[in-house]
Number of protein chains: 2
Amino acid sequence: MDDISNTEITAGIINSTTSTRVLDALTQLREDIISGVLEPGEKLRVQHLKSKYGVGAATLREALSLLVSESLVTATAQRGFNVAPISLQDLKDISETRIMLEVQAAVDSVQNGDEDWEVQLIGAYHRLTKVEENSTNLAENSTAIWEQRNIEFHEALVAACSSRWVRQFRSILHTHSERYRRLSLQTVGISRDVHEEHKQIFDAAMARDADTLSKVLTKHIEKTFDIVHKLVDDAK
Amino acid sequence: MDDISNTEITAGIINSTTSTRVLDALTQLREDIISGVLEPGEKLRVQHLKSKYGVGAATLREALSLLVSESLVTATAQRGFNVAPISLQDLKDISETRIMLEVQAAVDSVQNGDEDWEVQLIGAYHRLTKVEENSTNLAENSTAIWEQRNIEFHEALVAACSSRWVRQFRSILHTHSERYRRLSLQTVGISRDVHEEHKQIFDAAMARDADTLSKVLTKHIEKTFDIVHKLVDDAK
DNA sequence: AAAATTAAAAATATCGACATTTTTATATTG
DNA sequence: CAATATAAAAATGTCGATATTTTTAATTTT
């Protein structure tokens with residue numbers, strides 16, 4: 001089973017090289033769900049969507065079924081598929097669970113990470129810094145780049161965590177966090193503070209300072225919740 | 001979205017009432033994977049399996065895609081589906097991660113559980129006890145019943161945990177634990193000790209004694225790992 | 001005989017069509 | 001006119017057939 005040069009789907013994670021119609025649809029659907037083009041709770045009509053994504057019914061259904069893996073889509077017998085709903089309570093749950101898993105994973109990484117992990121983390125941090133430094137004039141397309149690099153940075157941070165399962169669950173929750181962030185902050189740019197937070201996380205990780213890392217990482221995750229929470233309250 | 005009387009699939013969990021071919025195939029496939037009829041790592045040929053399960057290719061593919069949700073099946077582009085592989089390391093990972101999540105969930109339950117939670121737990125414990133008491137003469141069909149009631153007991157224990165995500169992840173890991181147990185202990189019956197363990201868990205939960213609960217539950221989960229570990233070593 | 005090429009077989013991925021079920025709109029009844 | 005029953009529309013779930021890709025087997029070449 002050599003997956004190095006091939007597209008493997010483990011609950012939520014895709015390493016794309018080869019492409020299929022299912023994977024294409026899956027990728028587009030995921031992006032549309034996370035970005036809010038497909039609204040939370042919305043019914044996903046196969047008949048309608050298959051023309052939109054240019055695939056047959058069976059292919060679309062397969063893509064939707066795979067998205068159930070990531071809890072981005074729900075399936076109900078005889079009643080089709082829906083975009084996963086959202087709620088403030090759900091975001092709270094996600095944030096808290098994510099803190100538990102991500103802190104554990106990061107600490108584990110710091111304790112087990114070898115030189116290669118360090119190198120990868122430095123690279124990811126560097127690429128992230130590059131887009132965050134010019135955060136004032138953040139154009140639309142660079143937002144997409146920031147999102148990608150932010151994911152990669154967090155992924156690199158926990159890459160040396162010895163538990164495949166913790167990494168997998170963490171990754172799913174991170175995707176959901178991102179969805180909430182994007183649904184809430186669509187118009188808001190990336191504030192300068194975020195870079196400072198990432199710096200603190202990076203520094204603590206490189207210093208192998210587990211305690212500090214726990215603290216700053218926890219705060220970092222809590223902040224997403226706080227911001228969305230505040231926005232929801234303000235909207236009332 | 002009223003799912004009370006309908007079959008909802010959230011990553012890994014199914015509440016069946018209505019049935020579809022996809023759900024039927026899914027249920028059978030899951031059982032065959034957990035029981036070892038379909039061996040770890042085995043290639044799942046759609047052409048071959050569709051006659052075995054009496055469904056069309058698209059339907060089978062959809063069922064397999066849904067099983068990716070539970071990490072019981074892996075999908076690789078252009079190379080089809082495989083049964084999730086197993087390893088001792090994976091079981092170790094599962095056990096450790098499960099301890100983290102299940103202990104947290106149980107403690108949370110104990111702190112938040114209302115009267116209804118207690119009633120449900122008592123019921124589940126009672127049903128489990130009934131099959132465990134006659135564990136000496138455990139026929140094949142009562143093993144299946146025990147397995148079902150064991151799942152229900154553990155589910156009832158954490159039912160009052162406020163985090164949907166923790167419950168979901170815990171459930172997936174529990175299924176995988178069960179798979180390892182069944183793959184390893186196919187001929188071995190359920191030992192008497194297990195009932196004593198379940199009793200301790202139940203008593204601690206009812207007494208709302210979080211500390212004791214943590215301890216006995218941790219031990220309970222560790223034991224599955226130890227037994228399988230020992231079996232693997234002996235096989236050498 | 002090992003490596004590389006080619007040919008045949010098998011398997012995956014995909015679509016279009018259709019039966020069944022659910023939903024919506026309309027009509028009927030107390 | 002509210003509640004219920006009925007009819008029409010829409011959507012889901014399903015299968016069989018087929019193009020494409022991968023795998024296996026046979027053949028050729030160095």
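Letters A, B, ... are given to chains in the order of the sequence lines, protein chains preceding strands, and every chain is numbered from 1.
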Task: Separation of atom CG in B:L26 from atom C1' in D:dT14, rounded to whole Å - done: 16 Å
Open item on the list: Once you apply a heavy-atom cut-off of 4.0 Å, does B:L64 come out as touching a base, just sugar-phosphate, or nothing?
Closed with: nothing
Open item on the list: Please pick, from C:dC15, D:dT12, C:dA17, the nucleotide with the shortest atom-to-atom distance to any side-chain atom of A:R21.
Closed with: C:dC15
- [ ] Describe, in one word, how the ring planes of A:H154 and A:H220 are oriented to each other, choosing from parallel (under 30°), tilted (30 to 60°) and perpendicular (over 60°).
- [x] parallel
TODO: Output yes when A:R182 and A:E31 qualify as a salt bridge under the 4.0 Å nitrogen-oxygen rule, no when they do not.
DONE: yes
Task: Rounded distance (Å) that lies between atom C1' of C:dA13 and atom CG of A:D24 - done: 12 Å
- [ ] Side chain of A:T59 only, please: which of C:dT14, D:dC15, D:dT14 is the nearest?
- [x] C:dT14
- [ ] Assess the side chains of B:T20 and B:D24: does a donor N or O sit below 3.5 Å from an acceptor N or O?
- [x] no
Task: B:N82 CG to D:dT22 P, straight-line distance once rounded to whole Å - done: 15 Å
TODO: Could you state the atom-to-atom distance from NZ of A:K50 to P of D:dT14 in whole Å?
DONE: 16 Å
TODO: Would you kindly give the CG-to-P distance between B:L60 and C:dA13, to the nearest whole Å?
DONE: 12 Å
Open item on the list: Of the options C:dT14, D:dT14, C:dT12, whose atoms approach the side-chain atoms of B:V46 most closely?
Closed with: C:dT12
Open item on the list: What's the closest nucleotide to the side chain of A:V55 if the choices are D:dT14, C:dC15, C:dT12?
Closed with: C:dC15
Task: Side-chain N or O of A:T20 closer than 4.0 Å to phosphate OP1/OP2 of C:dT12 - done: no
Open item on the list: So, does B:R61 get its side chain near the phosphate of C:dT14, meaning an N or O under 4.0 Å from OP1 or OP2?
Closed with: no
Task: Presence of B:R79 side-chain N/O under 4.0 Å of D:dT23 phosphate oxygens OP1/OP2 - done: yes
Task: Whole-Å gap separating P (D:dT12) and CD (B:E62) - done: 11 Å
Open item on the list: Rounding to an integer number of Å, can you tell me how far A:L49 CG sits from D:dT12 C1'?
Closed with: 13 Å
- [ ] For the pair B:W165 and A:H176, name the ring-plane relationship: parallel under 30°, tilted 30 to 60°, perpendicular over 60°.
- [x] perpendicular
Open item on the list: Quiz question: by atom type and distance under 3.5 Å, do the side chains of A:Q168 and B:S71 form a donor-acceptor pair?
Closed with: yes
- [ ] Return the 5'-most residue of the pair B:A58, B:Q47 with respect to DNA chain C, ranking by each residue's nearest nucleotide.
- [x] B:Q47
Open item on the list: Whether A:K43 contacts D:dT12 is assessed here as follows: a side-chain N or O lying under 4.0 Å from the phosphate OP1 or OP2. Is that the case?
Closed with: yes
TODO: Check every atom of C:dT14, C:dT12, D:dT12 against the side chain of A:R45 and return the nucleotide holding the closest atom.
DONE: D:dT12
TODO: Using whole Å, report how far NE2 of B:H48 lies from P of C:dA11.
DONE: 9 Å
